[in-house]
Amino acid sequence: MKNMNIIAVDPGREKCGLAVLEKSGEAINVLSQCVIATETLASAVIECASKYGATTLIIGNGTTSKSAQQTIKSACPALDIVVVDEYRTTDLAKKFYWKAHPPRGLKRLIPTTMMVPPEPVDDFVAVILGTRYLKSVSLNSTN
């Protein structure tokens with residue numbers, strides 16, 4: 001499979017997770033990830049598509065997905081939009097959050113499964129959605 005960059009979005013009512021991933025050979029690299037206000041979604045997607053040359057947008061099928069798809073399609077009609085299942089991504093994102101930001105001090109003695117991250121994990125959900133898509137594309141291209 002050739003190299004490709006994609007944009008991944010975890011849509012939400014007030015905030016969205018946004019990530020840009022690169023598939024280079026067998027490696028998947030995260031080029032950017034952030035949590036943005038939903039009202040800035042269209043402009044953020046336009047900026048990412050321009051900056052990273054992405055032609056595909058992956059979006060979760062959860063909260064406000066349909067309205068987010070319409071907003072993105074209006075702003076970037078050239079982007080291919082692929083909807084992926086969001087099942088259990090928030091739980092997985094919390095695990096990835098704690099790997100990226102390990103608890104310090106006495107908090108490190110508490111199992112991370114019992115803690116709530118101090119900030120939104122929507123950006124980690126976007127990374128998970130994008131990774132799921134890129135892995136499925138890789139599997140389909142080898143069959």
Side-chain angles (χ1 to χ4, degrees), residues 1-104 107-108 110-143:
M1 182 179 150
K2 63 181 171 104
N3 293 359
M4 69 184 294
N5 291 349
I6 63 163
I7 301 168
V9 174
D10 172 35
R13 282 184 184 82
E14 295 177 14
K15 61 187 177 354
C16 296
L18 180 71
V20 179
L21 290 86
E22 170 191 54
K23 173 83 169 147
S24 178
E26 293 300 313
I28 297 173
N29 303 307
V30 178
L31 302 177
S32 173
Q33 75 180 79
C34 59
V35 177
I36 60 169
T38 299
E39 62 198 29
T40 65
L41 179 61
S43 61
V45 168
I46 291 169
E47 183 180 332
C48 287
S50 173
K51 181 176 180 179
Y52 296 102
T55 57
T56 303
L57 182 128
I58 310 309
I59 190 166
N61 65 347
T63 311
T64 70
S65 180
K66 288 192 183 357
S67 63
Q69 289 174 53
Q70 291 171 345
T71 300
I72 293 165
K73 201 63 175 166
S74 295
C76 293
L79 276 180
D80 292 326
I81 297 177
V82 179
V83 180
V84 296
D85 187 16
E86 276 191 48
Y87 182 70
R88 307 275 304 166
T89 53
T90 301
D91 294 332
L92 195 52
K94 289 176 185 176
K95 289 181 185 177
F96 284 127
Y97 175 88
W98 290 118
K99 278 186 180 179
H101 307 283
R104 301 173 73 156
K107 282 190 174 184
R108 66 181 162 62
I110 302 170
T112 55
T113 54
M114 297 178 67
M115 294 192 294
V116 175
E119 56 192 72
V121 294
D122 304 79
D123 54 335
F124 286 93
V125 172
V127 169
I128 292 165
L129 296 171
T131 302
R132 281 183 181 176
Y133 170 77
L134 290 172
K135 285 182 178 179
S136 74
V137 169
S138 292
L139 289 175
N140 290 337
S141 67
T142 59
N143 291 340

NZ/K66: more than 12 non-hydrogen atoms of other groups inside 6.0 Å
no
T38 (side chain) donor-acceptor with G12 (main chain) under 3.5 angstrom
yes
Considering only heavy atoms from C-beta outward, does the side chain of L18 approach that of C48 to under 4.5 Å?
yes
So do the side chains of T89 and R132 get within less than 4.5 Å of each other, counting heavy atoms only?
yes
For the pair K95 (side chain) and Y97 (backbone), establish whether a donor and an acceptor sit closer than 3.5 Å, ignoring hydrogens and angles.
no
In short, V9 meets C16 closest at the heavy-atom pair CG1-CB, 4.5 Å
How far apart are the closest heavy atoms of I7 and V45, and which atoms are they?
CD1-O, 3.8 Å
Please name the pair of heavy atoms, one in G25 and one in N3, separated by the smallest distance, quoted to 0.1 Å.
N-OD1, 3.4 Å
To the nearest 0.5 angstrom, please state how far the CG atom of L134 sits from the CE atom of M4.
6.0 Å
Under 3.5 Å, is there a donor-acceptor pair between the side chain of S136 and the main chain of Y133?
yes
Residue pair P103 / M115: nearest heavy atoms and the distance that separates them:
CG-CE, 3.3 Å
Taking side chain as C-beta onward, heavy atoms only, is P117 less than 4.5 Å from F124?
no
Supply the atom-to-atom distance I58 CD1 to T131 OG1, rounded to the nearest 0.5 angstrom.
10.5 Å
Within the distance-only criterion (no hydrogens, no angle test), does the side chain of K107 pair as donor or acceptor with the backbone N or O of P102 below 3.5 angstrom?
no
Could you tell me if Q69 and S65 have a donor-acceptor pair between their side chains, going purely by distance under 3.5 Å?
yes
Over all atoms of both residues, closest heavy-atom pair of A54 and L79
O-CD2, 3.5 Å
Taking every non-hydrogen atom, the tightest pair across V127 and A19:
CG2-CB, 3.7 Å
Is a side-chain donor or acceptor of S74 paired with a backbone partner of Q70 at a separation under 3.5 angstrom?
yes
Just so I know, are the side chains of I81 and K73 near enough to count as touching, which here means a heavy-atom distance under 4.5 Å?
yes
Measure the OG1-CG distance between T90 and D10 for me, rounded to the nearest 0.5 Å.
6.5 Å
What is the distance from atom OG1 of T56 to atom CG of D80, rounded to the nearest 0.5 Å?
5.0 Å
Heavy-atom count check: over 12 atoms from other residues, nucleotides or ligands less than 6.0 Å from E14 CD?
no
So, taking the atom named SG in C34 and the one named NZ in K15, what distance separates them when rounded to the nearest 0.5 Å?
13.0 Å
Close side-chain approach of E86 and L129, heavy atoms under 4.5 Å
yes
Side chain to side chain contact (heavy atoms under 4.5 Å, CB included) test vs E22 passes for just one of N5, V30, I28, namely N5
Would you give the length of the straight line joining atom CG of L41 to atom CD1 of I59, rounded to the nearest 0.5 angstrom?
7.0 Å
